[in-house]
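A quick write-up on the structure given underneath.
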Amino acid sequence: MFQKEQQAIEAKIRAYCAQNDIPLSTLKWSPIPFSGEWGISTSFFQTAADEARAGRGGKPVPQRAQEIAEQVKSQIGNVEGISHVEAVKGYLNLYFLTSEYARRVVDEILASRADFGRGPVKNERVMVEYAQPNTHHSFHIGHARTTLLGESLARIMEFAGFDTIRASYPGDIGLGVITILWAYDKFYKGQEPQGVHERGQWLLKIYAEATAMLEPKENETPEEKARREACDTERREMYRKWDAGDKYVRDLWLETREWSLEELRDILSMLDIKIDVWFYESEVDEPSKAIVEELLQRGIAEDERPQGGPVIIKIDEKLGLTKEKYRTAVILRSDGTSLYLTKDLALAKVKFKQYHVDRSIYVVDFRQNLHFQQAFKILELWGFPQAAKCYHLSYGYITLPEGAMSARRGRVVLFKDVADEAVKRVLAVESEKSGDIPEGEREKIAAQIGLGALAYSILSVDNNKDIVFDMDAALSFDGRTGPYIQNAHVRANSILKKAGAVPEKADFSDTLDPHEIQLIDLLSRFPGTVEQAANEYRPLVMAAYAHDLANVFHSFYHAVPVLQTDDPKIRDARLRLVAAAKQVIANALRLLDIQAPDVM
RNA sequence: GCCCCCGUAGCUCAAUGGACAGAGCAACUGCCUUCUAAGCAGGAGGUUGUGGGUUCGAAUCCCGCCGGGGGCGCCA
């Protein structure tokens with residue numbers, strides 16, 4: 001936002017160093033960490049170190065850096081827009097003409113509104129693949145992580161300027177799915193609970209029952225063993241029939257799959273998520289087999305089927321690596337059926353060829369790290385240049401205090417249960433604290449806040465960290481939480497509502513309170529934060545920013561009167577600042593897939 | 001055996017190689033007749049697992065070790 005001033009200063013520094021034969025290194029600028037006044041800084045440590053290395057100087061580097069900073073400072077003189085310059089501890093600090101820049105920041109935010117912070121168009125298409133539970137059972141809190149991380153990242157990428165496609169790739173086939181289908185058909189056919197979520201939960205229960213039934217038990221009698229094996233045979237026979245396209249099995253499968261998808265769509269709509277493209281695992285099964293042939297013909301894959309083995313790719317060998325890193329991947333079973341990796345290769349080809357994706361992001365848990373490393377390397381060997389821009393956003397598991405969640409064992413925390421509990425808790429607080437919310441709005445706002453708490457608790461942990469799910473922590477409303485940020489938005493709105501209208505313009509020439517400067521400072525950093533979050537594929541960066549901004553706003557709110565100010569000039573400036581803060585909080589929350597209510 | 005990730009305050013987590021390692025929770029002290037107290041202000045809490053190295057400068061980069069987690073040709 002202050003490129004012009006920065007460049008003017010840089011030019012002066014360069015000129016000075018050139019004149020005095022100082023080997024200036026690249027100048028890196030960063031915001032000054034201390035609050036109270038507003039500026040940017042750069043340091044001369046690298047330059048001093050380069051000088052010393054060249055055999056000149058002889059003074060300790062920090063001392064020399066300070067010396068250069070002081071000399072540069074004395075040479076800079078007046079620069080338009082810069083109030084003063086200081087040389088401290090080897091740093092050169094530039095402080096802006098506060099009033100002018102305050103106005104500039106606020107004006108820009110209020111002119112751009114919801115677009116403030118949007119990055120320049122990148123001319124690059126990115127596909128984010130996320131929100132992909134296995135079908136045929138209910139959506140649990142672990143699925144919420146891929147869903148929220150993916151959606152937040154998609155929003156961030158889109159806002160940063162990428163042409164963004166949201167994709168989901170549900171696992172709709174596999175032995176687990178068939179197990180449920182088999183048990184449903186054998187024991188529960190014709191039954192069907194009412195309610196989208198009830199049905200999913202019921203299937204989950206059937207899954208746990210069936211798994212228990214099919215697992216070998218200790219001390220089982222010969223009869224039990226025989227019964228179990230008979231069941232297993234039936235199940236596998238059903239898988240074979242599915243594979244052969246048997247109409248009865250396929251119809252049953254499609255019908256029950258639709259139950260799960262209905263539940264998934266309901267949850268996605270609850271979270272305001274619109275997936276653009278659905279890929280189903282079952283649909284890439286056939287194309288993936290053709291790809292194996294192609295890889296064989298190209299000499300990338302090796303066929304061990306004549307020896308009774310599978311089709312493999314010796315990735316390390318192909319790359320000329322001596323250490324085991326990518327290892328050997330199996331891409332076709334010896335019986336000719338495809339694998340997870342095979343399907344991902346087929347899917348990648350569809351993404352590149354059909355959707356013209358330049359950059360592909362997979363939001364999938366960390367246990368599949370090797371899988372994706374292999375997949376990306378194979379794509380590279382296969383000759384796709386996009387392979388270099390494939391990124392596996394590997395996230396840690398959400399576990400329970402008693403251990404990992406397991407759908408097969410029925411040990412899960414259901415998303416719907418958490419969401420319901422969240423709304424219930426918010427309503428309890430609302431009835432106590434928010435008497436002025438109309439009855440009809442309560443439920444809606446409770447959902448916004450409850451889901452905001454849940455979303456923030458997940459997005460405020462860095463991608464690769466595990467989360468141990470604790471209901472009270474996830475639904476906390478105090479401190480570093482979603483509702484804390486939403487509350488800052490509500491308070492800003494409250495002032496604006498009382499004020500009636502936001503002035504068209506205002507000037508900030510009166511002395512600004514440090515709280516105001518800190519707030520303006522943070523507001524001005526929003527565009528850079530969007531860029532950083534997108535570059536690093538980390539919603540956490542935005543989550544941390546949103547909290548910092550809310551924190552500064554809350555402090556401002558307490559310390560700085562707005563409507564109670566007598567001076568109309570100051571009042572106007574502060575009103576515009578509050579409006580700008582409200583806007584940026586809303587923009588940040590939107591990128592986190594969290595609603596910004598006007599009252600709570 | 002090999003590969004990857006992690007180790008920061010009592011707990012949960014932050015910190016583009018830069019200034020004094022920051023928040024929240026928990027505990028403690030104040031602040032509601034005021035624009036919403038779902039809030040604010042304050043003090044307290046640290047040998048960044050450990051030993052070396054690179055660097056003017058390391059929580060951050062490199063090597064070793066300790067501890068935890070994940071993965072390693074026909075599961076997804």
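Below, all heavy atoms of this structure are taken into account, side chains as well, without hydrogens, waters or symmetry copies.
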Original post:
Counting side-chain heavy atoms from CB outward, which of A38(B), G39(B), C13(B) is closest to P483(A)?
Top reply: A38(B)
**OP:** For P60(A), answer base if it contacts any base atom (sugar-phosphate contacts may also be present), sugar-phosphate if it contacts only those atoms, and nothing otherwise; contact means non-hydrogen atoms under 4.0 Å.
**Re:** nothing
**OP:** Please work out if D548(A) contacts a base, only the sugar-phosphate, or nothing of the nucleic acid, heavy-atom cut-off 4.0 Å.
**Re:** nothing
Subject >> Rounded distance (Å) that lies between atom C1' of C72(B) and atom CD1 of I315(A) >> reply: 12 Å
**OP:** Check whether the ring centres of Y169(A) and Y280(A) lie less than 6.0 Å apart, and answer yes or no.
**Re:** no
Subject >> For G1(B), the Watson-Crick or wobble partner whose two distances fall under 3.5 Å >> reply: C72(B)
**OP:** Name the nucleic acid region contacted by V560(A), choosing base, sugar-phosphate or nothing; use a 4.0 angstrom heavy-atom cut-off, strictly under.
**Re:** base
Original post:
Rounded to the nearest Å, what distance is computed from the NE2 atom of residue H558(A) to the C1' atom of nucleotide G30(B)?
Top reply: 14 Å
Original post:
Nearest to the side chain of K465(A), which nucleotide is it out of G71(B), G39(B), U8(B)?
Top reply: U8(B)
**OP:** Name the closest nucleotide to the F366(A) side chain, picking from A38(B), A15(B), G70(B).
**Re:** G70(B)
**OP:** Decide, yes or no, whether a salt bridge links E293(A) with K289(A) under the criterion of side-chain N to carboxylate O below 4.0 Å.
**Re:** no
Subject >> Under 4.0 angstrom between Y456(A) side-chain N/O and C13(B) OP1 or OP2 >> reply: no
Original post:
Does S41(A) make a side-chain donor-acceptor contact with the base of A19(B), cut-off 3.5 Å?
Top reply: yes
**OP:** Considering just the side-chain nitrogens and oxygens of R491(A), establish if one lies under 4.0 Å of OP1 or OP2 belonging to C40(B).
**Re:** no
Original post:
NA contact type, D335(A), heavy-atom cut-off 4.0 Å: base, sugar-phosphate, or nothing?
Top reply: nothing
Original post:
At their closest point, which heavy atom of F366(A) faces which heavy atom of Y397(A), and how far apart are they?
Top reply: CE2-N, 3.6 Å
Original post:
Once you round it to whole Å, what is the distance between C1' of A76(B) and CD of E129(A)?
Top reply: 13 Å
Subject >> Nearest-Å distance for atom pair CD/P, residues Q63(A) and A19(B) >> reply: 20 Å
Original post:
Across the strands shown, which category fits D470(A) at heavy-atom distances under 4.0 angstrom: base, sugar-phosphate, nothing?
Top reply: nothing
Subject >> Side-chain donor/acceptor contact of R327(A) with base of C72(B) under 3.5 Å >> reply: yes
Original post:
K325(A) has an atom NZ; how far is it from atom C1' of C3(B), in whole Å?
Top reply: 7 Å
**OP:** With P as the reference atom in both, quote the distance from G45(B) to A9(B) in angstrom, rounded to an integer.
**Re:** 15 Å
Original post:
How far does the C1' atom of G70(B) sit from the matching atom of G43(B), given to the nearest Å?
Top reply: 42 Å
**OP:** Could you work out the separation of A21(B) and G7(B) based on their C1' atoms and round it to a whole Å?
**Re:** 16 Å
Subject >> Watson-Crick/G-U partner (both atom distances under 3.5 Å) of A44(B) >> reply: none
Subject >> Atom P, compared across G42(B) and G22(B): separation rounded to whole Å >> reply: 14 Å
Original post:
Considering only side-chain heavy atoms of N369(A), which listed nucleotide, A76(B), A38(B), C4(B), is closest?
Top reply: C4(B)
Subject >> Polar side-chain contact S460(A)-C13(B) base: donor and acceptor under 3.5 Å >> reply: no
Original post:
Taking any strand in view, what nucleotide pairs with G67(B) in a Watson-Crick or G-U wobble way, both distances under 3.5 Å?
Top reply: C6(B)
Original post:
Can you find a pair of side-chain heavy atoms, one from I467(A) and one from T399(A), that are under 4.5 Å apart?
Top reply: no
Original post:
Can you tell which of A38(B), C40(B), A19(B) lies closest to the side chain of K89(A)?
Top reply: A19(B)
Original post:
Looking across every strand, which nucleic acid part, if any, lies under 4.0 Å from R53(A) by heavy atom: base, sugar-phosphate, or nothing?
Top reply: sugar-phosphate
Original post:
How long is the line joining OH of Y557(A) and C1' of C32(B), in whole Å?
Top reply: 11 Å
Subject >> Near-ring test H554(A)/Y484(A), centroid separation under 6.0 angstrom >> reply: yes
**OP:** For atom CZ of R333(A), decide whether the heavy atoms of other residues, nucleotides or ligands shown that lie under 6.0 angstrom number more than 12.
**Re:** yes
Subject >> Check: Y207(A) ring centre within less than 6.0 Å of H136(A) ring centre >> reply: no
Subject >> Spacing of the P atoms in C20(B) and G24(B) (rounded, Å) >> reply: 22 Å
Original post:
For C32(B), is chi within 90° of 0 (syn) or not (anti)?
Top reply: syn
**OP:** Go through C74(B), C35(B), C4(B) for me and flag the one nearest to the S334(A) side chain.
**Re:** C74(B)
Original post:
When we call it a touch if two heavy atoms are under 4.0 Å apart, what does V578(A) touch: a base, just sugar-phosphate, or nothing?
Top reply: nothing
Original post:
Heavy atoms under 4.0 Å, any strand shown: does D365(A) hit a base, just sugar-phosphate, or nothing?
Top reply: nothing
Original post:
C56(B), C75(B), G24(B): which one has an atom nearest the side-chain heavy atoms of L339(A)?
Top reply: C75(B)
**OP:** Write down the distance separating the C1' atoms in U48(B) and A15(B), rounded off to the nearest Å.
**Re:** 11 Å
Original post:
Do side-chain atoms of R409(A) reach the backbone of T211(A) as a donor and acceptor pair under 3.5 angstrom?
Top reply: no
Original post:
Think R145(A) forms a cation-pi with Y395(A), using NZ or CZ under 6.0 Å from the six-ring centre and within 45 degrees of its axis?
Top reply: no
Original post:
What nucleic acid atoms does R571(A) come within less than 4.0 Å of, heavy atoms only: base, sugar-phosphate, or nothing?
Top reply: nothing
Original post:
What nucleotide, of C35(B), C13(B), C6(B), holds the atom closest to the side chain of N464(A)?
Top reply: C6(B)
Original post:
How is F477(A) classified with respect to the nucleic acid when contacts are heavy atoms under 4.0 Å: base, sugar-phosphate, or nothing?
Top reply: base
Subject >> Residue E281(A), side-chain heavy atoms: nucleotide from C56(B), C20(B), A76(B) that is nearest >> reply: A76(B)
Original post:
Considering only side-chain heavy atoms of R480(A), which listed nucleotide, G70(B), A23(B), C56(B), is closest?
Top reply: A23(B)
**OP:** Calculate the interatomic distance between K314(A) atom NZ and C74(B) atom P; express it in whole Å.
**Re:** 15 Å
**OP:** Using atom CG of D572(A) as one end and atom P of C35(B) as the other, report the distance to the nearest whole Å.
**Re:** 19 Å
**OP:** Look at the side chain of Q46(A) against the base of C56(B) and say whether a donor-acceptor pair falls under 3.5 Å; ignore hydrogens and angles.
**Re:** yes
Original post:
Using purine N1 to pyrimidine N3 plus N6-O4 or O6-N4 for Watson-Crick, or N1-O2 and O6-N3 for G-U wobble, each under 3.5 Å, what pairs with U34(B)?
Top reply: none
Subject >> Earlier contact from the 5' end, RNA chain B, for M600(A) and H371(A) >> reply: M600(A)
Original post:
Expressed as a whole number of Å, how far does the C1' atom of G39(B) sit from that of U34(B)?
Top reply: 14 Å
Original post:
OP1 or OP2 of G69(B) less than 4.0 angstrom from a side-chain nitrogen or oxygen of R367(A), does that happen here?
Top reply: no
Subject >> 5' priority, RNA chain B, between A559(A) and K323(A) [closest heavy atom] >> reply: K323(A)
Subject >> C1' spacing across the pair C25(B) / A19(B), given as an integer number of angstrom >> reply: 29 Å
Original post:
Looking for any heavy atom pair under 4.0 Å, which part of the strands does Q368(A) touch: base, sugar-phosphate only, or nothing?
Top reply: base
**OP:** Ignoring backbone atoms, establish whether N551(A) has a side-chain N or O less than 4.0 Å from OP1 or OP2 of C40(B).
**Re:** yes
Original post:
Base, sugar-phosphate, or nothing for L370(A), non-hydrogen atoms under 4.0 angstrom?
Top reply: sugar-phosphate
Original post:
Is the ring centre of F372(A) less than 6.0 Å from the ring centre of H392(A)?
Top reply: yes
